[in-house]
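Residue numbering restarts at 1 for every chain, and letters A, B, ... go by the order of the sequence lines. Computed from a prediction, not measured in an experiment: that's the story for all the values here. The figures that follow rest on heavy atoms only: side chains count, while hydrogens, waters and symmetry mates do not.
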Amino acid sequence: MKVTFWLLDLNYESNNDVPEIWIWGVTDSGERVLIIDDHPIAYFYAVLEENTDPSKVVEEINKCHLKCVSSLEIVDRKFFGKPVKAVKVCVKMPNVMPEYAKTLRKLEGVKDCLEDDIRFAMRYLIDNNVVPSTWHEAEVTEDSDKRDAHVDKIYLAKTSPRVLEKTQLPPLRILGFSTIYYSKEGSPNSERNPVVMISTATNGGEQKQLLAGDDRNDKPLLESFIEYVHNIDPDIIVGYGNNGQDWPYLRARCKKHGIRLGVDRTQTEPHTSVYGHVSLAGRANLDLADYAGEFPEVKVKTLANLADYLGVMKIENRTIIEDIDIPDHWDNKEKRKILKQFSKDNTQCIMGATEAILDFAIQLSSLVSLPLDHVGTAAAGFRVESFLIKKTHPLGELVPRRIEQPYRPYAGGLVLQPIPGLHENIAVLDFKSMYPNLMIVHNLSPDTYVSPKDPVPPGGVNEAPEVKHMFRKEPPGFYKEVLSYLIQVRDQIRLGMSKLKAGTAEYRLLDARQKAVKIITNASYGYAGWVGARWYVKPVAEAAAAWGRHTIMTAIDMAKKENLKVVYGDTDSIFIENQPQKINHLSKDIQEKMGLEIKPDEIYTRIFFTEAKKRYAGLLTNGKLDIVGMEVVRGDWANIAKKVQEKVLEIILKEQSPKKATDFVHEFIYELRQKHVSYRDLIIWKTLTKPAEAYEVNASHVEAAKMLRAKGWELAVGDKIGYVVVAGEGRLYERVKPYMLASYDEVDLEYYVEKQVVPAAARILESFGVTEEQLLQARNGQKETRKLTDFFGA
DNA sequence: GCGTTCAATGTACCT
DNA sequence: ACAGGTACATTGAACGCG
């Protein structure tokens with residue numbers, strides 16, 4: 001019989017030393033199924049030295065008497081594009097491979113062993129062309145063995161599943177949850193602090209809140225949670241920070257009470273994998289925090305901020321309870337209501353954010369062939385690599401081992417010095433996917449690189465400017481194959497989208513897919529130059545960068561020849577006078593000459609530069625401001641400084657009145673000194689990029705972090721520390737406090753005037769002759785001073 | 001002993 | 001734990017000053 005299913009999760013099991021791949025799926029009729037393939041093949045390669053007799057090596061391998069070897073086969077493969085002979089060593093159990101590979105590496109005639117380091121579930125996906133988060137069809141029989149799996153049906157696969165072309169998602173059951181821990185001693189510790197609240201919600205619209213008793217005993221709460229998850233039987237469980245925090249914590253609490261956190265579809269507990277995600281057998285555990293990085297505009301990556309940005313729940317419409325205030329809220333009957341609402345809102349934020357993110361996660365999972373629960377924790381480099389492994393397999397390319405390499409920097413993109421001041425009517429021409437297209441056009445790829453030691457290939461080479469790296473012209477390298485595929489697929493998806501109504505389910509799915517394709521395409525250049533990459537070949541990245549510099553320089557020359565003034569440019573863009581006819585002509589010329597597409601991106605009716613690169617602000621034709629690189633868009637400046645700078649830029653760009661902007665700054669400083677700005681707008685956020693002890697100099701945010709730690713708050717690398725500057729003596733780092741430990745009265749407002757507001761405003765106004773000193777001058781006692789409402793509106 | 005100078009450190013941004 | 005290029009604030013030691 002046949003079964004059609006969408007692949008939710010897969011895992012490898014050893015059943016009395018017989019390896020099995022368990023594939024968990026949801027059928028189109030909504031059945032939960034487990035399909036077991038009990039004939040997966042485990043193998044690795046012994047790659048032979050040149051001029052070695054393969055049968056001799058086979059003999060040698062046989063002499064090793066490795067008892068789990070089931071077959072040896074002499075095969076032709078490629079390694080970095082060069083043809084090689086290899087022995088495919090099939091084994092009965094995947095876990096013996098690293099050891100066997102180590103043994104065989106020592107044999108004469110064996111150059112190296114490869115692919116023993118591919119994890120078995122991935123091996124299965126690659127070899128059988130099975131894809132996570134995708135529909136398949138499989139020929140199966142019903143399984144007669146008793147197996148402990150909580151699904152509607154268990155099947156044995158007669159053949160490995162085949163991918164089906166089908167885009168819609170199955171009817172997935174989604175459960176979101178968030179937790180509240182009770183701790184008066186700083187960061188909750190699972191040894192001593194209970195979980196007092198778990199709020200859940202399902203995509204079916206069911207909401208529930210589980211509470212500990214007034215004695216804060218969480219045993220009944222945990223038991224009901226386990227039972228509830230079991231009853232809902234979700235396919236996907238979503239949280240925010242559940243990988244690093246909730247699952248390990250809940251598991252520890254359960255252990256303390258002697259209960260098992262049985263929330264998956266077998267009888268095992270959640271376990272953290274080596275890849276950093278928590279895996280629940282038969283379900284996909286999703287941590288939205290892993291996707292927060294996709295939204296760089298959100299500077300402090302809390303659930304509330306993410307949900308606010310996504311339009312799920314506006315932060316001004318809710319009460320945020322800081323961790324430090326939780327015990328107080330739990331202990332007080334009235335305040336506990338607010339805490340319950342806060343927790344409920346958190347879960348609603350999770351459900352709303354899931355709406356916005358899940359399609360993308362699913363498409364990414366399917367594109368790069370990493371299971372849904374794994375793709376979120378996988379860093380960009382590993383997503384690209386997984387994709388490449390999948391795509392190179394049919395080409396016969398062997399997957400290199402990850403080798404520790406010394407880091408050697410190389411020259412990157414070209415950045416022009418901007419012409420400072422205001423410019424009218426400026427167009428930005430962007431090269432479309434410049435690096436991927438350069439890799440395609442010049443056939444830059446790990447398998448096409450011709451080292452100076454190599455003979456020149458018969459078809460000739462492309463030689464990169466400046467760096468002189470050579471790449472054979474023919475045949476196409478796998479980067480060319482793969483990148484052409486990605487670019488073509490994305491164009492196709494976007495064509496499909498253009499025929500649909502925005503907002504429909506199908507449109508959103510396609511949009512998620514084109515986004516997934518885009519991020520993988522754009523990360524390919526970075527991957528090529530990453531020392532951690534299996535296919536790390538520095539000349540590939542270096543040549544792409546060199547071609548990039550050559551390309552933009554040529555484009556600038558051509559623009560100048562058209563008498564188009566160039567005011568700025570960065571890597572793959574040029575900012576020029578907006579003369580449509582000339583620009584049209586220029587794009588065509590560039591396309592013809594270099595085989596790269598360049599198209600107008602933004603048009604600025606007016607744009608402002610200082611002397612600094614990578615910082616500018618423009619007025620778009622729709623009347624909106626586009627601010628790049630300035631304090632306004634930086635997360636490490638107090639909000640007051642950002643607001644002032646934004647307003648100054650708006651006045652300058654729209655009204656071109658430095659006088660009015662200066663008046664505004666004066667008025668703002670006056671109001672600030674009157675404490676008419678909110679405390680939250682004084683917080684400065686900075687990331688802890690290493691353990692507090694590892695810093696070589698004293699830094700404000702590190703001092704603030706230490707103060708938190710002294711109160712029991714554990715801080716991890718990567719955490720954002722919010723602090724305010726308080727009045728007092730000494731260095732800046734001696735005058736900071738974490739914002740939750742300070743009050744408005746302690747704040748040193750003069751610091752904010754002199755080191756935040758004035759510099760941010762002066763950055764712009766100094767171009768118009770207004771100095772910091774002038775900005776600092778208090779209001780001059782005119783009768784008609786403006787109110788801030790004159791600038792911000794009432 | 002005290003103010004100034006400047007390289008080093010650290011963070012966040014741009015493409 | 002995808003690349004390099006860049007701006008800027010602050011620290012802290014070197015420097016200059018007698």
Side-chain angles (χ1 to χ4, degrees), chain A residues 274-276 293 296-297 299-300 377-388 402 404-405 407-418 428 430-436 439 519-536 538 540-546 548-549 552 568-575 601 610-616 626-638 641 684-690 694-703 717-718 720-721 725 730-736 751 754-756 759-760 762-763:
Chain A
V274 286
Y275 305 97
E297 300 91 337
K299 307 294 176 185
V300 182
T377 54
F382 295 101
R383 292 174 181 172
V384 173
E385 193 153 271
S386 176
F387 176 77
L388 287 177
R402 210 179 296 287
E404 243 184 87
Q405 308 256 18
Y407 167 73
R408 288 262 171 268
Y410 63 90
L414 187 72
V415 191
L416 301 189
Q417 199 63 54
V428 182
D430 266 337
F431 281 98
K432 199 178 144 193
S433 301
M434 188 176 75
Y435 287 137
M439 294 194 270
I519 71 147
I520 295 302
T521 311
N522 290 345
S524 58
Y525 157 74
Y527 175 83
W530 172 41
V531 281
R534 287 174 183 265
W535 275 289
Y536 173 61
K538 200 182 80 165
V540 172
E542 200 170 22
R549 293 191 296 274
I552 189 176
Y568 181 59
D570 185 349
T571 310
D572 61 355
S573 65
I574 52 172
F575 292 53
D601 182 27
T610 64
E611 308 227 315
K613 297 170 173 179
K614 298 189 184 278
R615 299 185 147 215
Y616 55 88
D626 183 28
I627 301 172
V628 179
M630 306 260 191
E631 283 73 6
V632 177
V633 297
R634 293 182 64 96
D636 57 350
W637 283 73
I684 296 164
W685 295 91
K686 280 201 170 84
T687 308
L688 205 60
T689 61
K690 45 186 161 181
Y695 282 83
E696 296 200 20
V697 293
N698 294 305
S700 304
H701 68 302
V702 182
E703 288 308 303
V717 169
K720 277 257 199 295
I721 316 293
V725 177
R731 295 288 206 174
L732 180 60
Y733 68 84
E734 296 169 303
R735 299 191 283 121
V736 297
Y751 169 83
E754 288 168 24
K755 298 291 186 176
Q756 292 278 324
R763 191 96 55 222

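Whole-Å rounding puts the R402(A) CZ to dC2(C) C1' distance at 12 Å. Whole-Å rounding puts the K299(A) NZ to dT11(B) P distance at 16 Å. Atom CG in N522(A) sits roughly 14 Å away from atom C1' in dC14(B) (whole-Å rounding). In this structure, M439(A) places its CE atom 16 Å from P of dC2(C), rounding to the nearest Å.
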Under 3.5 Å, which protein N or O atoms sit close to an N or O of nucleotides 3-9 of chain B? Give each pair with its distance.
from	atom 1	to	atom 2	distance (Å)
dT9(B)	OP1	E696(A)	OE1	3.3

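Residue contacts shown for Y616(A) are limited to sugar-phosphate atoms, with no base heavy atom under 4.0 Å away. Nucleic acid contact for A379(A): sugar-phosphate only, since backbone atoms but no base atoms lie under 4.0 Å from a heavy atom of the residue. Using a 4.0 Å heavy-atom cutoff across all strands shown, G635(A) reaches sugar-phosphate atoms only and no base atom.
Taking side-chain N and O atoms only, K686(A) has no distance below 4.0 Å to OP1 or OP2 of dC13(B). The phosphate of dT11(B) has OP1 or OP2 within less than 4.0 Å of a side-chain N or O from T689(A). For dT11(B), one of the phosphate oxygens OP1 or OP2 lies less than 4.0 angstrom from a side-chain nitrogen or oxygen of H701(A).
Every ring-ring contact (aromatic ring centres under 6.0 Å, His included) that Y435(A) has, sequence neighbours left out, goes to Y525(A). The side-chain hydrogen bond (donor to acceptor under 3.5 Å, both in side chains) search around K432(A) returns none, not counting sequence neighbours. Every side-chain contact (heavy atoms from CB on, under 4.5 Å) that D626(A) has, sequence neighbours left out, goes to E602(A), Y604(A), L620(A), V628(A). Annotation: side-chain contact (heavy atoms from CB on, under 4.5 Å) contacts of E297(A) (sequence neighbours excluded): F295(A), Y309(A). Checked against side-chain contact (heavy atoms from CB on, under 4.5 Å), A533(A) has the following partners two or more places apart in sequence or in another chain: E385(A), Y527(A), W530(A), Y536(A). Not counting sequence neighbours, K299(A) has no partner by the side-chain contact (heavy atoms from CB on, under 4.5 Å) test. With sequence neighbours excluded, no residue forms a side-chain hydrogen bond (donor to acceptor under 3.5 Å, both in side chains) with K613(A).
Open room surrounds CD on E611(A); 12 or fewer heavy atoms of other groups in view lie less than 6.0 Å from it.
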In B/S/- notation, 5' to 3', how is nucleotides 3-10 of chain C contacted by protein heavy atoms closer than 4.0 Å? SBBSSSSS
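Aromatic ring centres of Y616(A) and F575(A) lie closer together than 6.0 Å.
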